[in-house]
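Values reported hereafter were calculated over all heavy atoms of this structure, with side chains retained and with hydrogens, waters and symmetry mates removed. Labels below follow one simple rule: chain letters A, B, ... track the order of the sequence lines, proteins then strands, and each chain is numbered from 1.
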Amino acid sequence: MKNKFRCSLVILLLGIMFTQAGCSSNDQAALFSAEQEFLTLDEALTQAYCVAVASVDSIIEGDETRKYKFSLEESLKGEFGEEVFYVTEGYGEFYVEEMDHAYTTTESQFEKGKRYLLVLSKMSSVYFEEDKYMNVADVCIELDENNKIIQSKMYKKQLENSYRDLDGMKKRIVEINDIAEPVKAFGVPFTDSEDLTEIVPASQYIVQVSIESISIESSSNRDTYNCRVTDTLKGETAETIQAVLFKDTVEIGGDYILLLNKESDVSLLYTLSSKVSAVSLSEKDRLLSLIE
Amino acid sequence: MRILNYRGFVVFFVIFLILLNLTVVYGTTYEQLDYWYSDSNSIGKWYSTPSVGSNKLNSNSSFYFSIGNSHAKSQWNSAGISTSTTSNFSSADIQVYGGTYTELQNTGEFSSMSSTSTGICYYDSRSFKLFYEHESSVKSGYEMGACHIGIKDRGATLNEYKKTCTHEMGHSLGWFGHASGSTNIMYAYSSSYTSLTSVDKNHLSQIY
């Protein structure tokens, strides 16, 4: 009897699933639509934080982004902290200006086990578990075991005419490295330390605040709060600021001390200078002594 | 008393499913559309006036984010698609962020954005609502839900920001895909045009 009940339940669930599928659209919906600047391959190589030959170990599908785990074979530009790194891409549609070139990342761009020449940007953030690498443009250059270019998407003609193979690319990258300034990673400085004696000198701003409201509730590990500054221990800020704090580490109406940085003088978004999200007011005297 | 044995239940349920699917497939009436200018087969509609909130993440005076946003709202309003403005950003149906790549990334809302993106529109919640038909071609109609837009501070001109803001707002109002002519705001690629054309307007306003 129990088995019959379970079978009935399974049939019922399958029935609901099929019915739902029948009622919905067949479109493979992208999560976003983005317009992109067009870069020549030379510009992409110049603007990239790093260029490398690497192979895909695995592909990890997430809710909002896909991550490729790459094993580094050879770094041609920039520095990688580790031999294994992750490249992130979202599930969306991209439209490249001036080129009338469109591409989608709802399906994966790279295939497991294959070798690619990667042209990447890098972003470091206190909110990330690891540095985030992303394609600078629609660069997806697949290489065979003899370093011949098999597939190259948007830059096919340029590659065929100018670079031909990996050796040609390497020569060009050396030329670019010689004349171009090193590219900085995106991000606001922070320290990995959780020791206040090291966090204080790494913080441009140390302020006592009252948390007034959430201004940006994100789907990630952090929210942005509207904060009223009640005392300034280091640096100068406006009376109210927007600070990005880890989720569930503060309460609305609560008073805290925040140790912060921001990207530039004109930025209105303050970010944490370490993974220590908010400090209790009981630490104020200690912080003041460390500032002095 | 057992009214239905197990086998009877399964047969009854299978017949029920077949009838339900036949109703969905053959019982659906399609709303007719006069225009279709998109390369997508989908279109969206807000069933109540969406509120728009904007959040400029820096004070760079040559980043014409606010002007671009106001322009976008008035352009779509002229097409008969109205939006309201809210100062409560976190509760806005359409949240428009303006900032550098790093600032946008730090909010946690633009994890998929690449460094060369100039504008991006995320469809946070849209749901299938009905089918439309245009010249014997069936189109999917969605009910729009929350969206968020990112406009990158990239040292562009005032007109380029106006175009980017109006274009992204078009997506958030339900204009999925892109138009083919380069004078249209919903053309996918760069241009210096800042005003909606009849193509931009008619495609979307016909379902509002």
* To do: Mind listing the closest non-hydrogen atom pair of Gln109(A) and Tyr116(A) along with its distance?
  => O-OH, 4.3 Å
* **Most chain A-contacting option - heavy-atom pairs closer than 4.5 Å, from Asn60(B), Asn88(B), Thr100(B)** => Thr100(B)
* Hey, which of Ser115(B), Ala188(B), Cys121(B), Gly141(B) has the most heavy atom pairs under 4.5 Å with chain A? -> Cys121(B)
* Structure fact -> Bottom line for Ser33(A): the part with an atom under 4.5 Å from chain B's heavy atoms is both
* Of the backbone (N, CA, C, O) and the side chain (C-beta and beyond), which part of His148(B) lies under 4.5 Å from a heavy atom of chain A, both, or neither? -> neither
* Verify, without hydrogens or angle tests, whether Tyr123(B) (side chain) and Met144(B) (backbone) share a donor-acceptor contact under 3.5 angstrom. => no
* For Glu168(B), is it the side chain, the backbone, both, or neither that has a heavy atom closer than 4.5 Å to a heavy atom of chain A? -> side chain
* Structure fact -> Ranking Gly150(B), Ser112(B), Ser114(B) by heavy-atom pairs under 4.5 Å to chain A gives rank one to Ser112(B)
* To do: Answer with yes or no whether the side chains of Asn261(A) and Ser273(A) bring together a donor and an acceptor at under 3.5 Å.
  => no
* Structure fact -> If one checks every heavy atom of Val188(A) against chain B at 4.5 Å, the contacting part turns out to be both
* Asked: Do we get Arg154(B) above Tyr101(B)'s six-membered ring, with its NZ or CZ under 6.0 Å from the centre and within 45° of the axis?
  -> no
* To do: Kindly say whether Val126(A) contributes a backbone atom to a donor-acceptor pair with the side chain of Lys275(A) at under 3.5 angstrom?
  => yes
* Between Ile214(A), Leu269(A), Ile216(A), Asp223(A), which has the largest tally of heavy atom pairs under 4.5 Å with chain B? -> Ile216(A)
* Going by atom types only, do Glu103(B) and Ser267(A) share a side-chain donor-acceptor pair under 3.5 Å? -> yes
* To do: Check each atom of Gln242(A) against the heavy atoms of chain B and say whether the ones under 4.5 Å are side chain, backbone, both or neither.
  => side chain
* Given that the side chain runs from C-beta out, which part of Ala102(A) has a heavy atom under 4.5 Å from chain B: side chain, backbone, both or neither? -> both
* **Side chain / backbone / both / neither for Val136(A) at chain B, heavy atoms under 4.5 Å** => both
* Asked: Which one of Glu135(B), His134(B), Glu133(B), Lys139(B) satisfies the side-chain hydrogen bond (donor to acceptor under 3.5 Å, both in side chains) criterion with Ser137(B)?
  -> Lys139(B)
* Do the ring planes of Phe131(B) and Tyr30(B) sit parallel (below 30°), tilted (30 to 60°) or perpendicular (above 60°)? -> perpendicular
* **Engaged part of Asn55(B) at the chain A interface, taking heavy atoms whose separation is under 4.5 Å** => side chain
* Tell me, side chain or backbone of Glu217(A) under 4.5 Å from chain B's heavy atoms, or both, or neither? -> backbone
* **Per-residue contact mode, Phe63(B) against chain A (heavy atom under 4.5 angstrom)** => neither
* To do: Identify which part of Ser125(A) has an atom lying under 4.5 Å from any heavy atom of chain B, answering side chain, backbone, both or neither.
  => side chain
* To do: May I ask you to name which of Glu64(A), Glu89(A), Lys132(A) has the most heavy-atom pairs under 4.5 Å with chain B?
  => Lys132(A)
* Would you say the side chains of Tyr127(A) and Gln105(B) form a donor-acceptor pair under 3.5 Å? -> no
* **Part of Thr65(A) lying under 4.5 Å from any heavy atom of chain B** => side chain
* So, for Tyr122(B) and Tyr91(A), is the gap between ring centers shorter than 6.0 Å? -> no
* With a 4.5 angstrom heavy-atom cut-off, could you sort out which part of Phe186(A) is near chain B: side chain, backbone, both or neither? => both
* Structure fact -> Scored by heavy-atom pairs under 4.5 Å with chain A, the best of Gly53(B), Ser59(B), Ser182(B), Ser90(B) is Ser59(B)
* **Portion of Asn135(A) that has a non-hydrogen atom of chain B nearer than 4.5 angstrom** => backbone
* **Residue pair Ser66(B) / Asn69(B), side-chain donor-acceptor N/O under 3.5 Å** => no
* To do: Using a cut-off of under 4.5 Å on heavy-atom pairs, state which of Lys262(A), Arg222(A), Met134(A) scores highest against chain B.
  => Arg222(A)
* Asked: Going by atom types only, do Thr86(B) and Ser51(B) share a side-chain donor-acceptor pair under 3.5 Å?
  -> no
* **Lys NZ or Arg CZ of Lys129(B) over Tyr47(B) ring: under 6.0 Å, within 45°** => yes
* **Contacting moiety of Tyr97(B), where chain A heavy atoms sit under 4.5 Å** => side chain
